[in-house]
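Each remark here refers to the structure printed beneath this line.
Quick note on labels: first sequence line is chain A, next is B, and so on, each numbered from 1. Values in this document were obtained by computation on a predicted structure and should not be read as measured data.
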There are 2 protein chains.
Amino acid sequence: MAKKIDTNDCAVSATIDLIGGRWKLTILHVLLRHDRRFGEILVRIPAISRKVLTQQLRALEADGLISRKQYKERPPRVAYALTDFGHNLCPLLARMAALRNGVG
Amino acid sequence: MAKKIDTNDCAVSATIDLIGGRWKLTILHVLLRHDRRFGEILVRIPAISRKVLTQQLRALEADGLISRKQYKERPPRVAYALTDFGHNLCPLLARMAALRNGVG
DNA sequence: AAAAGTGGTAACCTAAAAGTGACTAATGGC
DNA sequence: GCCATTAGTCACTTTTAGGTTACCACTTTT
């Protein structure tokens with residue numbers, strides 16, 4: 001019983017953790033329309049630092065929400081894009097936000 | 001344009017923040033089946049401290065996810081319950097969790 | 001008179017997350 | 001030879017969330 005509670009809860013909270021970072025949703029939102037390079041994301045989220053952007057991108061990539069494609073060029077070029085999972089998640093997030101406004 | 005990004009994003013991330021605390025999903029899960037008193041929640045989540053439970057309950061109440069009903073009795077009795085918003089949110093969370101397992 | 005039962009609060013401490021500023025590699029242009 | 005460019009990393013500090021322990025108010029029970 002207690003185990004079942006934990007199991008159910010972990011499945012949900014693990015998913016929430018995927019997007020629970022301070023900036024992850026903002027990053028997903030930037031990538032929703034276009035694939036973007038590191039620097040492009042950075043200028044679109046002025047308040048984030050390079051370090052934290054790197055961290056959050058790595059986490060999102062590890063969790064399968066975004067993909068990272070690195071080109072062997074100088075100066076370097078790296079393109080970030082939403083995965084299918086990332087794309088599928090966004091409408092659900094929008095519906096959650098809509099719930100708050102009374103749109104059931 | 002930039003403003004619109006911020007606005008959209010804030011609506012979503014504000015909603016995620018509602019359930020982003022370390023224990024909030026666990027608390028919601030406990031309340032999903034029954035209304036519960038403070039002490040009942042406490043024994044069902046052994047790892048949480050009174051202080052943090054109080055904090056999280058207050059936050060959930062302020063955000064409209066749960067309701068708090070206080071009876072004028074001695075010793076005190078307080079009942080917590082999910083609001084409609086709280087109830088509506090849970091299926092969406094379950095669907096998000098299901099997404100990870102390939103159930104689109 | 002003292003303890004139990006209930007739902008907290010207050011003061012303090014710790015650990016994790018985030019922020020800051022300087023630094024790097026490899027190339028092209030002046 | 002020197003600066004700009006890009007996508008980072010490193011060491012350090014600050015902020016925030018959560019944890020710990022003790023205590024309170026009021027009534028009933030022993």
Map A:A79 and A:R22 onto DNA chain D by nearest heavy atom, then report which one ends up closer to the 5' terminus.
-> A:A79
Between B:I41 and B:L31, does a side chain to side chain contact (heavy atoms under 4.5 Å, CB included) hold up when you go through it step by step?
-> CA-CA 8 Å; B:I41 302 171; B:L31 294 176; 4.1 Å; yes
Could you pull out all residues at least two apart from B:H34 that satisfy side-chain contact (heavy atoms from CB on, under 4.5 Å)?
-> B:R36
Under 4.0 Å from any heavy atom of chain B: name the first and the last nucleotide of DNA chain C that qualifies, 5' to 3'.
-> C:dG5 to C:dA11
List the atom pairs, donor and acceptor, that lie under 3.5 Å between side-chain atoms in residues 45-63 of chain A and the rest of the protein, sequence neighbours left out.
{"from": "A:S49", "atom 1": "OG", "to": "A:V52", "atom 2": "N", "distance (Å)": "3.3"}
{"from": "A:T54", "atom 1": "OG1", "to": "A:R50", "atom 2": "O", "distance (Å)": "2.9"}

Quantified as the angle between the terminal helix axes (five pairs each), what is the overall bend of the helix from C:dA1-D:dT30 to C:dC30-D:dG1 to 10 degrees?
-> 30°
Non-hydrogen atoms of A:I66 and A:T83 that approach each other most closely = C-CG2, 3.5 Å
Pairwise 5' ranking along DNA chain C for B:G39 and A:A47, keeping only the more 5' one | B:G39
Work out which heavy atom in B:T15 is nearest to a heavy atom in A:M96; give both atom names and the distance.
-> CG2-O, 3.7 Å
For A:A81, side-chain contact (heavy atoms from CB on, under 4.5 Å) partners two or more places apart = A:D35, A:S67
Boundaries of the DNA chain D segment in contact with chain B, non-hydrogen, under 4.0 Å | D:dG18 to D:dT27
For A:R68, which residues count as a side-chain hydrogen bond (donor to acceptor under 3.5 Å, both in side chains) partner, sequence neighbours excluded?
-> A:Q70, A:Y80
Pairs satisfying salt bridge (Lys or Arg N to Asp or Glu O under 4.0 Å), at least one member in residues 75-88 of chain A, at least two apart | A:E73-A:R77
d(A:L28 CG, A:L93 CG) to nearest 0.5 Å is 7.5 Å
Are the side chains of A:W23 and A:V30 in touch, meaning some heavy atoms are under 4.5 Å apart?
-> no
Using heavy atoms and a sub-4.0 Å distance, could you list which residues of residues 63-76 of chain A are near DNA chain C? By number, please.
-> A:R74
The correct set of residues in residues 50-57 of chain A placing a heavy atom under 4.0 Å from DNA chain C is A:K51, A:V52, A:Q56
